[in-house]
Each structure stands twice: as C-alpha cells, then as structure tokens.
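Notes to accompany the following structure.
If you read the sequence from its start, that first residue is 1, and numbering goes on from there. Both backbone and side-chain heavy atoms feed into the values below; hydrogens, waters and symmetry mates do not. All values derive from a computational prediction rather than experimental measurement.
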Amino acid sequence: MKSITTAFVLTLALLALGGQGKHVDSKVADKDFLVKQKFVFEMLQHIYQDDVFVTKYDTSFWEYKPWEHVADYHHEDNLQHFFELWQHHPFHDDHVWTVMYDRHEEYAVGLTRLFNYAKNWETFEHVVFWARQHVNKQLFVYAFTIAGLFRDDMQGIVYPAQYEIHPWSFFDGQTLEMAEHYKMHGFHHVKQLNNVYNVVMKSNYTNFYGDMNYEHGLAYFLEDIGFNSFYYYFNLDYPYWTKGDEQHVLNNDRRGELYLYVHWQLLARYYLERLSNDMGEVPSFNMYEPVAAGFYSGLRGYNGVPYPSRDNYHNFYKSENVEYVKNVELYTQRIMDWIHKNGKYDVEVINQLGNMIQGNADSIDKQFYGSLDKWYRYIVNDARPFGKYHETYPGHFMHYDTNIRDPLFFEVYKNLLSHYWHLMETFPEYTKVDYGFEGVKIDAVHMPDSLSTYFEYFDADISNAVNVEPTVEHPSDVLHGFGRNSFYNGSSYVIKARQHRLNHKPFEFVLDITSDKAQPAVVKVFIGPKYDEYGHVIPLEHNYQNFFELEHFKVQLESGVNHIKRNSGDFSFWVSDRTTYFELYQKLMDATNSDFKFKLDQSETHCGVPNRMMLPKGKKGGQVYQFFYMVYPYHEPHVQQYTGYDPIVSCGVGHGSRYVDALPFGFPFNRPVHHDYYFDVENFKFFDVKIFHRDEHTNVA
C-alpha cells in the first residue's frame with residue numbers, strides 16, 4: 001500500500017520446536033497515512049456534537065451535498081435511491097436507529113454505499129464530514145466503520161474501540177452521569193498530569209447492587225466490553241444485507257458456516273463460564289412460556305432514554321408478538337423441511353443453512369426462508385411503540401454492541417443452532433477412519449495441570465460521553481492544538497472508566513508427536529467441560545457441542561519425533577486489549593510532529609477475540625476442565641491463506657483466504673458423537689486441567 005512503509009518483518013519460527021507463531025509482522029505509517037488517521041480520529045470524537053472541531057474545515061466541507069457531486073462517485077445509479085430517501089425523510093438524531101428494522105436498513109445500505117463509492121480520498125472526506133454533521137450518529141458510526149473495513153485507501157487505519165466511540169452502549173447510566181459531574185464541577189480536586197485533567201472512576205457491572213437472578217451473577221462476563229465489541233465487529237465484517245463487492249465477496253469466506261460456528265462457540269464459552277458459577281446448561285428459549293431470566297441493562301442512550309428492562313418470568317407470548325411468533329413458526333418449518341430433504345453432506349450445505357437462518361444477502365431464497373435471526377430479535381425486543389413509523393423502541397437486543405449483555409441472547413441462539421445440529425444428524429457419523437492420521441501419534445502432552453484466572457482493573461477512555469464547549473484556540477495545549485477536543489478551561493482532559501475484567505496467567509503446552517515421514521499437518525486445541533454442575537462426568541456423546549476452540553495452526557512434521565511448543569500469548573485469533581483513544585491521539589501527534597513511529601499491526605485487531613476471555617473463571621478451590629489436542633492431515637484450502645490482502649493491516653474479509661485449511665469449522669466436534677470410542681485414535685489426546693480463580697486485584701498464584 002502506498003501510504004504505509006514496511007518497518008520490519010518478524011515471523012516466529014520457534015526454532016526447532018516445529019511450531020509457527022502468531023502473525024507479528026508490523027508496518028509504520030507514513031505522512032500520507034497519518035493525515036488520514038487524524039481525520040478519522042477527529043470524526044469520531046464527541047460524535048453527538050457537530051460544532052466542536054478544532055481543525056478548521058473550509059466552506060467546501062460545510063456546504064457539501066453529495067447529490068450535487070454524483071460524478072465523484074462510482075455506480076451513480078445505485079445512489080439515487082438513498083439521495084431521494086434522504087431528501088424526503090432525513091434520519092437525524094431525533095430518531096433511534098437500528099439496522100434490524102427494514103426502514104432503517106435502507107439508510108445503512110445507502111450511506112455505506114455512499115462512503116464506499118467515493119472515487120478518491122477528497123470525496124470521501126467531504127461525504128464523511130457531511131454525514132457527521134447531518135446523519136443519526138449510531139447510523140453514521142456503523143456505516144463509517146464498515147467503510148474503514150472495506151475501502152482500499154483505509155486499510156490499516158486504526159479506529160478507536162467501539163466502547164470509547166459510543167460508551168452509551170457499554171457503560172451504565174451511573175458511570176456516564178458521574179463522568180458528566182466531573183466536567184460540570186470543573187474537575188474540582190482533580191490533579192493535572194502534563195496539563196491534562198486525568199480522571200479515573202470506578203464503573204460497576206449491573207449486579208453491583210444485587211443479582212436479580214442467577215444469570216445476573218455472570219455480569220462480569222456478559223457485560224465485558226471487549227467481548228461485546230468482538231461481536232459488534234463480527235457483524236460489521238459480514239453485514240447481513242450485502243454480498244460484499246468485487247474485491248470482498250463475503251460468501252467466499254463461507255459466511256453462513258462462519259455465522260453458525262461463531263454462535264456455537266459463543267454458546268460453548270458461555271456454558272464453560274456458567275460451570276464456574278455452579279450453573280448448568282443454557283436453557284432453550286421457549287417463546288410460548290414465561291422466561292425465567294429477567295434482565296436489567298443499566299444502559300441509556302445519549303438522549304437520556306433508558307433501555308427497557310425485563311422482569312423475571314416475563315411472558316413474550318402476547319398479542320403484540322403474535323405476528324413475529326407466527327413468522328418464526330412458518331420459517332422454522334420451511335427450514336426443517338429443507339434440512340430433511342437434503343441429500344448432500346458437504347460444507348456448502350452448512351454454509352447455505354447459515355445464510356438461510358441469518359437471512360443474509362446470500363440466502364438461497366430470502367423471501368421464502370426469511371430471517372429467523374431477525375424475527376427472534378423482534379420477539380425479544382418486546383418494546384413499547386416509538387416514533388411516527390409504527391415501530392417499537394429498539395432496545396438492547398436490536399443492537400450488535402449490546403445484545404450479548406442479555407443471557408437470553410444465548411437461549412435464543414441455542415434455538416437457532418438447533419437447526420444446525422438437526423442438519424448434522426442427517427450427516428453420517430465420523431468414525432476412526434475419519435479421525436485418524438496414519439503414521440502420526442501424539443505421544444505426550446506437556447502443560448501445567450492447573451491454570452489460574454483473576455480479576456484485574458482495566459481502564460477505558462469514555463471522554464466521548466461528556467459534552468464539550470465549542471473550541472477556542474489555546475496554543476499552550478499541544479494535544480488540543482493537534483485536534484483533540486476533550487478540553488476544559490485551557491487544558492485537555494481524559495475520563496477513564498475502570499472495571500474489573502477477567503484475565504488469566506499465561507500458559508504453554510508442548511506436544512510430543514511421532515511421524516513416520518515428513519509432512520504438513522494442523523494442530524487444533526479445544527477446551528471443554530469434564531463435569532456438569534452436579535459433579536457428574538459428561539459423556540462425550542452429550543458433550544461434543546460444548547468444546548471451545550482455542551487454537552488452530554499449521555505445522556511441518558519431520559520424520560521421527562517432533563516437539564510442538566505453543567504459548568497462550570501466541571494463539572492465533574486472540575488479541576491484546578485496545579489502546580485507549582487518548583493514547584492513540586498522543587501517538588498520532590508524536591508521529592506527525594517527530595520521528596516517533598506509528599506502528600500498524602494486528603495485535604489489537606477488531607476481528608480478534610480478547611485474549612483475557614480465553615479461559616473460564618474456574619473456582620477458588622479449582623474447577624476441572626479438559627483440553628483436547630488434535631494433530632491432523634493438512635487439507636489445503638481452495639485459496640491459499642492470506643491471498644489477496646495484507647495480513648499485517650487487514651483481516652482479509654471476503655477474500656476467501658482467511659483460513660488455515662479447508663476443514664469444516666469445529667472439526668472433529670462438528671457432527672454428533674454417538675460412539676465415543678471412535679475418538680480413541682493416536683492423533684487425539686484429552687488432558688485434564690484444573691482452573692483456579694485467585695483473589696481479586698491480584699494475579700499472584
């Protein structure tokens with residue numbers, strides 16, 4: 001890419017141990033890239049205020065109307081509908097937006113196209129500035145973020161974490177209110193550090209004042225800001241309403257199969273966490289009966305309206321939901337009929353099913369099979385009428401960045417995933433012939449027999465939650481002069497919300513593997529439950545759905561004995577905590593004004609899962625789980641991994657080359673296990689581990 005220069009390339013070979021480490025290559029941004037990065041940071045700070053820019057934008061920005069510049073866009077005909085829609089019914093901040101409503105989806109599709117079709121950076125800047133001034137801000141952030149993921153001239157651009165762009169979706173009303181108080185009281189008693197008011201305030205989970213049910217005790221997991229952000233970004237990588245574009249064909253990534261697998265893994269991970277809290281299996285959502293688990297989100301919008309809550313034993317089967325229930329019944333029957341008429345047993349069938357359940361643009365017949373995903377959300381939203389378009393208020397279940405907070409999310413997706421397991425019941429069961437790897441044996445697993453988790457403090461910059469005054473020049477404050485507008489009375493400020501978040505001590509494993517010849521292979525690692533909540537061993541025939549994938553990587557086996565070593569910090573799809581908005585701004589300023597290097601890599605990428613969520617909490621006295629290790633023949637993917645994109649700055653969405661191999665997602669647990677002895681092959685190995693949870697505030701074992 002023109003605007004990024006290579007700094008160094010470092011590929012971990014792990015010497016003679018045979019493993020391949022996480023991608024840690026990096027690049028350094030050049031001056032052209034830094035200009036773009038600065039624009040993105042400016043557009044995303046204090047998003048609900050349109051008059052607080054420090055940078056002076058000329059009249060061409062303030063007076064810009066995209067429909068007067070159609071020649072500056074590709075595919076002009078595809079933009080006419082949005083221009084007409086906007087000029088007749090603009091969607092401002094007096095509306096509450098969700099991509100789940102068909103009317104709202106029109107705006108999302110139109111605005112995202114507008115951003116993506118801009119022919120050059122200058123046009124893109126102008127149309128983003130126009131949208132920043134006029135468009136509903138949740139809609140703006142959604143479309144602007146998708147544009148950042150797909151535009152060629154945005155590859156590598158760093159977006160602040162979603163929980164810092166829009167803290168209203170992640171932090172409770174009490175936290176946001178206290179942040180406002182600090183500002184309103186002039187940061188009284190707050191000490192300055194380097195001319196910056198630095199506030200660190202505790203932010204509680206919603207069960208701080210007591211649990212409303214057993215599920216509420218898992219608020220630390222359900223409300224984790226990194227976990228919720230991961231799910232938000234997953235749905236922006238694969239927007240259900242589009243097939244992608246010429247360079248990013250979403251179905252090339254087996255998007256339907258991935259949709260099913262991500263939700264299966266979320267459900268498995270939640271079950272592991274429930275066991276750490278003496279809770280059992282996730283119930284299935286029954287839309288005809290009262291739901292035991294109530295929910296209190298604690299969230300409120302920028303407009304001050306709190307998200308609706310739900311009492312314990314809430315009844316969703318009522319007149320307002322009859323239409324939605326009937327649609328669920330209709331489309332469920334149609335999908336089940338399709339499943340039982342299926343005569344194929346390949347990955348493409350699974351991909352088709354996932355596309356049908358989500359009801360995305362690649363569904364084989366969206367009109368006939370609908371979107372069970374969306375109709376279930378309508379039922380659970382269960383909100384009061386709102387606005388003039390006969391819509392209901394879009395609560396937490398209608399937003400990708402808030403829905404995981406509700407334990408009912410997992411009950412609903414357990415229902416949706418039941419279709420996947422029905423399909424897999426029609427597939428032939430795997431046998432030892434399918435599982436085995438001739439001439440290869442795992443001789444031993446070396447890893448600690450006990451692992452440790454703990455809670456630690458984590459700070460997030462929620463300065464965006466506090467309104468600021470229109471800016472005046474203060475040359476003494478260099479950060480403000482550079483463009484950061486979190487500013488009060490001559491000094492910058494940063495307000496941080498501090499939360500307890502789960503983490504674990506690092507661990508590593510070594511596999512002793514004997515191979516009768518030199519050959520490529522893959523290693524997969526899962527963690528699963530050993531015992532249920534009553535202390536009974538769970539037979540594999542009833543446990544295969546509960547295994548959570550930790551790692552999947554390619555190795556080159558040599559003839560004879562191999563030692564494959566892997567540290568948890570090198571696991572492939574796990575990422576570090578995000579750098580705060582404030583720190584990003586400081587680094588950008590330093591890189592712009594000095595020789596400081598603004599580093600670009602995938603260590604904090606949006607498409608990764610937070611490393612701290614890798615292990616379940618366990619218990620103070622220890623909770624037994626089991627690791628599963630597999631070494632298996634390498635099945636070369638149809639498109640070689642990393643083809644068509646730069647893995648240093650991109651997640652590669654839509655290139656069909658994201659994956660290590662061509663194995664079905666979740667293999668070998670992706671089909672029902674009726675005979676556990678089929679797992680008695682030499683290239684599989686189970687290993688019991690006890691997870692201890694240590695005292696709060698410490699990571700000392």
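Using the six-membered ring where Trp is involved, Phe234 and Phe230 have ring planes that are parallel, under 30° apart on the 30 and 60° scheme. In this structure, Tyr261 and Phe665 have parallel ring planes: the angle between them is below the 30° cut-off, well short of the 60° mark. Aromatic ring orientation, Trp241 versus Tyr142: tilted (interplanar angle from 30° to 60°). Note on ring orientation: taking the six-membered ring where Trp is involved, the planes of Tyr231 and Tyr413 are perpendicular (angle over 60°, cut-offs 30° and 60°). Ring geometry, Tyr101 versus His104: the interplanar angle exceeds 60°, so the pair is classed perpendicular (tilted spans 30 to 60°). Under the 30°/60° scheme for interplanar angles, the aromatic rings of Tyr645 and Tyr642 are found to stand perpendicular.
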message: Apply side chain to side chain donor-acceptor pair (under 3.5 Å) to residues Asp661 and His552 and explain how you reach the verdict.
response: CA-CA 9 Å; Asp661 59 19; His552 183 183; 3.0 Å; yes

field: Criterion side-chain contact (heavy atoms from CB on, under 4.5 Å) on His89 and His95, from CA distance to verdict
entry: CA-CA 11 Å; His89 300 288; His95 301 269; over 6 Å; no

- request: Give the C-alpha distance, both sets of side-chain angles, the deciding distance and a yes or no for side chain to side chain donor-acceptor pair (under 3.5 Å) between Ser371 and Gln358.
  value: CA-CA 5 Å; Ser371 171; Gln358 187 183 27; over 6 Å; no

- request: Test Arg612 against Asp224 for salt bridge (Lys or Arg N to Asp or Glu O under 4.0 Å), laying out the working first.
  value: CA-CA 10 Å; Arg612 60 173 61 245; Asp224 183 86; 5.4 Å; no

- request: Test salt bridge (Lys or Arg N to Asp or Glu O under 4.0 Å) on Glu551 and Lys524 and set out the steps.
  value: CA-CA 6 Å; Glu551 179 60 314; Lys524 299 185 77 171; over 6 Å; no

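Side-chain contact check for Tyr238 and Asn360: no donor-acceptor pair (N or O, by modelled atom type) lies under 3.5 Å. For the residue pair Asn251/Asn355, the side-chain donor-acceptor check at 3.5 Å is satisfied. Gln545 and Tyr271 are not linked by any side-chain donor-acceptor pair at a separation below 3.5 angstrom, with hydrogens and angles left out of the test. A donor and an acceptor atom, one from each side chain of Tyr430 and Asn670, are located under 3.5 Å apart. Side-chain contact of Asp373 with Tyr259: a donor-acceptor pair under 3.5 Å is present, judged by distance alone. In the model, Thr579 has a side-chain atom that pairs as donor or acceptor with a side-chain atom of Glu604 under 3.5 Å. There is no side-chain donor-acceptor pair under 3.5 Å between Gln162 and Ser169. A donor-acceptor pair shorter than 3.5 Å cannot be found between the side chains of Asn415 and Glu411. Judged purely by distance below 3.5 Å, without hydrogens or angles, the side chains of Glu106 and His81 pair a donor atom with an acceptor atom. Asn228 and Thr402 are not linked by any side-chain donor-acceptor pair at a separation below 3.5 angstrom, with hydrogens and angles left out of the test.
A salt bridge links Arg255 with Asp362: the closest approach of a Lys/Arg side-chain nitrogen to an acidic carboxylate oxygen falls below 4.0 angstrom. The existence of a salt bridge linking Arg269 and Glu273 is confirmed by a sub-4.0 Å separation between a basic side-chain nitrogen and an acidic carboxylate oxygen.
Heavy-atom neighbours of His75 NE2 from other residues, nucleotides or ligands within 6.0 Å: above the threshold of 12. Within a 6.0 Å sphere centred on NZ of Lys119, other residues, nucleotides and ligands contribute more than 12 heavy atoms. By the 6.0 Å contact criterion, CD on Gln80 is enclosed, its count of non-hydrogen atoms from other residues, nucleotides or ligands being greater than 12.
Figure legend: Arg151 and Phe115 shown without cation-pi pairing, the cationic atom not lying both under 6.0 angstrom from the six-membered ring centre and within 45 degrees of its axis. Remark: Lys554 qualifies as a cation-pi partner of Tyr634 under the 6.0 Å distance and 45° angle criteria applied to the six-membered ring.
Using a 4.5 Å cut-off on side-chain heavy atoms (C-beta onward), Phe553 and Val522 make no contact. Within the 4.5 Å cutoff, side-chain heavy atoms of Tyr270 are placed close to those of Leu222. Using a 4.5 Å cut-off on side-chain heavy atoms (C-beta onward), Glu125 and Phe39 make contact. Side-chain contact between Lys243 and Leu250: absent, with no pair of heavy atoms (C-beta onward) separated by less than 4.5 Å.
The line from CD1 of Ile157 to CG of Leu149 is 12.0 Å long, rounded to the nearest 0.5 Å. Taking CE of Met336 as the start and NZ of Lys341 as the end, the distance is 12.5 Å to the nearest 0.5 Å. Atoms OG and CG, from Ser603 and Asp25 in turn, are 12.0 Å apart once rounded to the nearest 0.5 Å. Going from atom CH2 of Trp86 over to atom CG of Leu114 covers 10.5 Å, rounded to the nearest 0.5 Å. Residue Leu416 holds its CG atom at 8.5 Å from CD1 of Ile335, rounded to the nearest 0.5 Å. With rounding to the nearest 0.5 Å, the separation of CG in Asp601 from CD1 in Ile648 is 9.0 Å.
Checking Phe669, Trp421, Phe547 one by one against Trp264, the ring-ring contact (aromatic ring centres under 6.0 Å, His included) holds for a single residue, Trp421. Evaluated for a ring-ring contact (aromatic ring centres under 6.0 Å, His included) with Tyr378, the options Tyr324, Phe397, Phe316 yield exactly one hit, Tyr324.
The six-membered or imidazole ring of Tyr233 lies near that of His606, with a centre-to-centre distance under 6.0 Å. Checked against the 6.0 Å centroid threshold, Phe124 and Trp121 count as a close aromatic pair.
Arg405 places no side-chain N or O within 3.5 Å of a backbone atom of His396 that could act as its donor or acceptor partner. Side-chain N or O atoms of Asn683 include one that pairs as donor or acceptor with a backbone N or O of Tyr435 at under 3.5 Å. With Asn403 contributing its side chain and Tyr400 its backbone, the two residues share a donor-acceptor pair below 3.5 Å. Of the possible donor and acceptor atoms, none in the side chain of Thr112 sits under 3.5 Å from a partner among the backbone N and O of Val109. Distance alone, capped at 3.5 Å, places no donor-acceptor pair between the Lys27 side chain and the Leu600 backbone. At distances below 3.5 Å, not a single donor-acceptor pair connects side-chain atoms of Arg334 with backbone N or O atoms of Tyr369. Remark: side-chain polar atoms of Lys137 are paired, donor with acceptor, to backbone N or O of Val135 under 3.5 angstrom. Under the 3.5 Å distance criterion, the side-chain polar atoms of Glu429 are matched with a main-chain donor or acceptor of His674. In terms of modelled atom types and a separation under 3.5 Å, the side chain of Ser229 and the main chain of Ile225 share a donor-acceptor contact. Between the side chain of Arg132 and the main chain of Phe140, no donor-acceptor pair closer than 3.5 Å is present.
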